[in-house]
Protein chains: 2
Amino acid sequence: MATLVPLDAIATASLREHVHRALRQAILSGQYAPGTRLNERSLAQQLGVSTTPVKEALRQLEADGLVLTKPRSGVIVRFDYAWAEEMILARAAIESTIARLAAQRITDADIPALQQVLDEMRRATADGGVEDLIRLNEVFHDLIRSVARANYLRVLNDRQDVYDSGARRVIHMDPRERQQAFDEHSAVGAAVIARDPAGAEAAMKAHVLRAGESFLTLVFSKEKD
Amino acid sequence: MATLVPLDAIATASLREHVHRALRQAILSGQYAPGTRLNERSLAQQLGVSTTPVKEALRQLEADGLVLTKPRSGVIVRFDYAWAEEMILARAAIESTIARLAAQRITDADIPALQQVLDEMRRATADGGVEDLIRLNEVFHDLIRSVARANYLRVLNDRQDVYDSGARRVIHMDPRERQQAFDEHSAVGAAVIARDPAGAEAAMKAHVLRAGESFLTLVFSKEKD
DNA sequence: ATCTGGTATGTGGTATATCAGATTTCACAA
DNA sequence: TTGTGAAATCTGATATACCACATACCAGAT
């Protein structure tokens with residue numbers, strides 16, 4: 001007898017979410033240069049949907065800060081080096097706050113799962129595939145968020161993803177980067193388990209900022225003003 | 001000869017912005033209890049508009065984190081004590097990051113304006129009206145943001161307003177609160193002018209957290225779990 | 001040549017109708 | 001009484017048509 005698992009998020013998402021995802025990816029990966037004008041009608045046509053979900057997705061992108069809507073004039077992409085830099089600062093600020101909460105609120109029941117993920121990460125760092133590492137990375141950060149019992153902060157965090165999937169893959173292939181990231185994750189995990197709020201906050205902030213730097217130099221290689 | 005000033009933002013705002021503002025205010029002021037279901041059609045009818053701007057405003061509220069949309073089922077208000085608490089943490093994290101940037105990026109040309117606002121605040125704290133103080137508060141924080149040349153962070157910041165206008169007015173009437181807020185603003189301003197990033201960040205974080213506490217105890221008086 | 005105002009066109013903004021999934025209700029059988 | 005499931009109903013999701021403002025362009029005046 002077959003066992004069924006819940007459909008994955010991508011299958012159940014509404015059109016609006018699909019559009020949002022697609023546009024977001026296109027902007028972050030640089031397919032739309034800063035200043036590019038996005039036209040509701042042509043986007044709708046390209047994607048084969050009506051303008052309504054496109055319009056809603058654009059509204060979400062506006063909230064994400066990736067796009068600026070000039071009423072009755074146009075929707076303009078805003079994402080460049082300085083923008084990415086600020087997004088990383090924001091992410092560091094929010095995720096470090098989450099880490100602090102996690103250290104304050106962790107219970108004994110939370111510890112085994114955290115240690116298990118760190119173990120898996122250690123193995124994957126040494127000899128795992130890139131996809132595995134990316135997945136574990138997600139799992140780790142998710143776990144911290146859930147240990148922190150953070151809800152609003154999580155919503156905010158979800159809007160701050162600067163990494164497009166291509167860049168993420170490239171970064172996780174570099175052995176030095178892998179080791180560095182693992183060390184940082186360990187430090188965060190240790191501080192959270194030790195119930196050390198200040199330490200967890202500092203470790204997470206350092207990690208996000210450092211990883212962000214790697215990303216910036218890779219994606220905007222040397223094109224800093 | 002008459003001189004004309006640009007129309008006020010409220011006059012040029014689109015319906016969607018009006019709806020967003022109205023709903024936001026209603027949620028923050030407690031008119032909609034946590035868990036309340038918001039119905040697109042009835043909201044549209046009450047406000048005398050069609051469902052389209054309502055739908056878009058709800059999408060914005062979702063991005064603000066004030067509302068949860070269950071696809072094809074309903075839109076639910078989520079704003080309670082814990083939520084407000086997290087919003088304040090987030091605001092402290094973001095605004096302190098902005099303050100740090102301001103201290104790093106301030107130029108000599110920025111200083112006079114900052115000092116002037118602080119002077120005005122000093123006077124208004126002692127004997128000014130509540131409306132004046134609220135306005136100057138806005139001006140001060142805006143000035144810090146513009147000195148920081150922060151763009152993305154500003155977008156984020158705009159979505160983190162937890163204070164409804166009624167509560168803000170009450171808070172600014174208390175003399176002790178006024179003095180305390182002024183001292184904190186002074187500290188932030190001094191650190192920024194002194195080009196002390198760490199000091200500015202710490203001062204701003206302390207200010208936002210402390211003011212947030214006042215707000216929480218006022219609005220959710222003692223109903224903490 | 002340059003400036004002015006009108007006009008055509010493009011764009012997001014809004015209203016409305018319809019679709020399809022979620023929820024509720026309730027008759028009816030076990 | 002309890003559980004089942006089908007139908008009615010409620011709700012957001014989507015498609016489409018139309019509107020009003022922004023912009024670009026052009027003719028005519030200076």
Side-chain angles (χ1 to χ4, degrees), chain A residues 4 6-24 26-27 32-78 155, chain B residues 4 6-24 26-27 32-78 155:
Chain A
L4 296 178
L7 290 182
D8 115 347
I10 194 171
T12 61
S14 61
L15 282 184
R16 160 198 126 217
E17 287 171 287
H18 281 294
V19 176
H20 178 232
R21 193 186 310 259
L23 291 177
R24 185 183 183 85
I27 293 172
Y32 291 126
T36 302
R37 292 165 64 92
L38 299 179
N39 181 297
E40 291 186 357
R41 286 169 175 72
S42 83
L43 288 176
Q45 191 176 12
Q46 287 177 54
L47 295 167
V49 300
S50 81
T51 61
T52 309
V54 170
K55 181 183 297 291
E56 293 187 51
L58 289 174
R59 215 90 292 138
Q60 289 183 283
L61 287 172
E62 195 177 10
D64 294 345
L66 293 176
V67 126
L68 172 68
T69 300
K70 297 175 59 181
R72 292 187 172 83
S73 163
V75 178
I76 297 166
V77 173
R78 45 169 168 176
V155 171
Chain B
L4 295 178
L7 292 181
D8 189 288
I10 194 171
T12 61
S14 61
L15 283 184
R16 162 197 123 217
E17 286 170 286
H18 281 296
V19 176
H20 178 231
R21 192 187 310 259
L23 291 178
R24 184 183 183 86
I27 293 172
Y32 291 126
T36 302
R37 293 166 62 95
L38 299 179
N39 181 297
E40 290 186 359
R41 285 171 175 73
S42 82
L43 288 176
Q45 191 177 10
Q46 287 178 54
L47 295 167
V49 299
S50 80
T51 61
T52 308
V54 171
K55 178 184 298 291
E56 294 188 43
L58 288 173
R59 215 90 294 140
Q60 289 183 283
L61 287 172
E62 195 177 9
D64 293 344
L66 293 176
V67 126
L68 172 69
T69 301
K70 296 176 58 180
R72 292 173 208 284
S73 163
V75 178
I76 298 165
V77 173
R78 44 170 169 175
V155 172

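Lettering follows sequence order; numbering is per chain, from 1. Computed from a predicted model, the values in this text were never measured in an experiment. Every heavy atom of this structure was used, including side-chain atoms; hydrogens, water molecules and symmetry mates were not.
To the nearest angstrom, P of D:dT16 lies 12 Å from CD of A:Q45.
The CG atom of B:L68 sits 11.0 Å away from atom CZ of B:R37, with the distance rounded to the nearest 0.5 Å. In this structure, the separation between CZ on A:R24 and CG on A:L66 is 5.5 Å, given to the nearest 0.5 Å.
B:S14 and B:E17 share a side-chain donor-acceptor pair at under 3.5 Å.
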Completion exercise
Scoring nucleotides 5-13 of chain C by protein non-hydrogen atoms under 4.0 Å (B base, S sugar-phosphate only, - none) yields -----BBBB
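For D:dA15, its base sits under 3.5 Å from the side chain of A:T52 at one donor and acceptor pair at least.
Under the side chain to side chain contact (heavy atoms under 4.5 Å, CB included) test applied with A:P53, the options A:R16, A:H20, A:H18 reduce to a single match, A:R16.
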Practice task
Before giving the answer on side chain to side chain contact (heavy atoms under 4.5 Å, CB included), spell out for A:T69 and A:L58 the whole-Å C-alpha distance, their side-chain angles and the decisive distance to 0.1 Å.
Solution key: CA-CA 8 Å; A:T69 300; A:L58 289 174; 5.6 Å; no
